[in-house]
S.K.: 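Dropping a structure here in structure tokens format, bear with me for questions.
Chain naming here is simple, since letters A, B, ... match the order of the sequence lines and numbering starts at 1 in each.
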Amino acid sequence: DIQMTQSPSSLSASVGDRVTIACRASQSISNFLNWYQQRPGKAPKLLIYAASSLQSGVPSRFSGSGSGTDFTLTISSLQPEDFATYYCQQTYSTPRTFGQGSKVEIK
Amino acid sequence: QVQLVQSGAEVKKPGASMKLSCKASGYTFTSYYIHWVRQAPGQGLEWMGVINPGGDTTSSAQRFQGRVTMTRDTSTSTVYMELSSLRSEDTAVYYCARVGKFLTGSLDFWGQGTLVSVSS
């Protein structure tokens, strides 16, 4: 199975900050990497697919980059509604493993 | 509009089975794969398996093989996920989710989740 490791596991930031979350795969997954946002008590929401493509309706302050084993999710200017947990998921092979999550909290 | 509506919360005893449903609407049911993902309390997301409603083929994570069965009913646009031999560690919120773009495998629409509690 491909292991997905996110860092950091949690971070504190202020509104307006630039936030970066990293995701590393245990082997190359090309660009088969998606990012999700999950608010407490809610289902996950797709933000980025294929490593860098913005899902329809998602604000442009979200962006993704990377290929192979190393990927990044960036929020250019953190907004109050962005405080949530973020997950990466590889879809290169089965099982479709997720990272452990990165929680973005208010400083 | 695309919707996935899941069945209601369940309480089960250890050793029992559960069968959850996920009713799709707003799109062609047989054209999009459906995945099942679960989340234990306070934990992360765990992929369980996938069903192709168009061909009735399935694939599941090895740790669930032998315990999980995924089926679909095209007449009602509903997929089902049955998990047997339940144990306390199966207590979780179970989500169904649709693959929007097949080549990327990304999950673009999710059900609201079903909470399953396993306790004696």
Side-chain angles (χ1 to χ4, degrees), chain A residues 1-10 21 23 25 29-58 62 64 66-67 71 73 84-104, chain B residues 1-7 9 20 22 24 26-27 32-52 57-65 67-68 70 92-115:
Chain A
D1 298 1
I2 297 175
Q3 307 303 316
M4 306 300 294
T5 304
Q6 292 182 229
S7 60
S9 294
S10 65
I21 297 169
C23 177
I29 58 171
S30 184
N31 70 335
F32 289 89
L33 190 283
N34 307 307
W35 288 97
Y36 301 89
Q37 175 194 65
Q38 187 179 34
R39 298 189 178 107
K42 299 295 186 181
K45 172 187 174 183
L46 178 64
L47 299 176
I48 302 286
Y49 64 91
S52 60
S53 295
L54 192 67
Q55 173 67 2
S56 176
V58 174
F62 291 93
S67 183
F71 303 86
L73 173 71
T85 300
Y86 295 84
Y87 294 92
C88 61
Q89 183 203 22
Q90 65 82 19
T91 53
Y92 181 82
S93 67
T94 300
R96 309 284 208 221
T97 42
F98 290 89
Q100 81 278 17
S102 295
K103 187 174 184 179
V104 177
Chain B
Q1 68 285 15
V2 174
Q3 278 194 303
L4 299 174
V5 178
Q6 298 185 233
S7 47
L20 308 183
C22 171
Y27 70 96
Y32 296 82
Y33 285 44
I34 295 284
H35 290 238
W36 288 91
V37 175
R38 76 178 187 180
Q39 186 170 39
Q43 302 301 307
L45 302 171
E46 180 178 27
W47 184 82
M48 297 185 69
V50 56
I51 182 168
N52 172 9
T57 53
T58 65
S59 176
S60 61
Q62 188 156 11
R63 66 186 301 246
F64 298 110
Q65 285 178 6
R67 286 209 299 147
V68 69
M70 290 170 284
V93 175
Y94 290 76
Y95 294 102
C96 60
R98 186 191 84 157
V99 176
K101 295 176 173 57
F102 178 76
L103 290 180
T104 71
S106 54
L107 303 173
D108 64 347
F109 283 93
W110 293 64
Q112 82 278 19
T114 296
L115 174 62

S.K.: Quick one, A:Phe98 and B:Val37 - any side-chain contact, counting heavy atoms below 4.5 Å?
M.R.: yes
S.K.: Yes or no on side chain to side chain contact (heavy atoms under 4.5 Å, CB included) for B:Trp47 and A:Gln90, after CA distance, side-chain angles and deciding distance?
M.R.: CA-CA 11 Å; B:Trp47 184 82; A:Gln90 65 82 19; over 6 Å; no
S.K.: Take A:Tyr36 and B:Leu107 through the test side chain to side chain contact (heavy atoms under 4.5 Å, CB included) and record every step on the way to the result.
M.R.: CA-CA 9 Å; A:Tyr36 301 89; B:Leu107 303 173; 3.5 Å; yes
S.K.: If you look at every heavy atom in B:Leu103 and A:Phe32, which pair is closest and at what distance?
M.R.: O-CE2, 3.1 Å
S.K.: Using every non-hydrogen atom in the two residues, find where A:Asn34 and B:Thr104 come nearest and quote the distance to one decimal.
M.R.: ND2-O, 3.6 Å
S.K.: Does any non-hydrogen side-chain atom of B:Gln112 lie less than 4.5 Å from one of A:Lys42?
M.R.: no
S.K.: What pairs with B:Thr57 under side-chain contact (heavy atoms from CB on, under 4.5 Å), at least two apart in sequence or on another chain?
M.R.: B:Asn52
S.K.: For B:Tyr27, look at atom OH and say whether over 12 heavy atoms of other residues, nucleotides or ligands are found less than 6.0 Å away.
M.R.: yes
S.K.: Please list, chain by chain and in numerical order, all residues satisfying ring pair (Phe, Tyr, Trp, His ring centres under 6.0 Å) with A:Tyr86, sequence neighbours excluded.
M.R.: none
S.K.: When you measure from the side chain of B:Tyr95 to the backbone N and O of A:Pro44, does any donor-acceptor pair fall under 3.5 Å?
M.R.: no
S.K.: Counting heavy atoms not belonging to B:Gln62, are there more than 12 under 6.0 Å from its CD?
M.R.: no
S.K.: Could you tell me if B:Gln43 and A:Gln100 have a donor-acceptor pair between their side chains, going purely by distance under 3.5 Å?
M.R.: no
S.K.: When you look at NZ of A:Lys45, are more than 12 heavy atoms from neighbouring residues, nucleotides or ligands closer to it than 6.0 Å?
M.R.: yes
S.K.: Counting C-beta onward and ignoring hydrogens, is there a side-chain heavy-atom pair between B:Asp108 and A:Tyr49 closer than 4.5 Å?
M.R.: no
S.K.: Does a side-chain heavy-atom distance below 4.5 Å link B:Leu45 with A:Gln38?
M.R.: yes
S.K.: Please report the closest heavy-atom contact between B:Gly111 and A:Ala43, naming both atoms and the distance.
M.R.: O-CB, 3.4 Å
S.K.: Start with the C-alpha distance between B:Met48 and A:Arg96, add both sets of side-chain angles, then the distance that settles side chain to side chain contact (heavy atoms under 4.5 Å, CB included), and finish with yes or no.
M.R.: CA-CA 8 Å; B:Met48 297 185 69; A:Arg96 309 284 208 221; over 6 Å; no
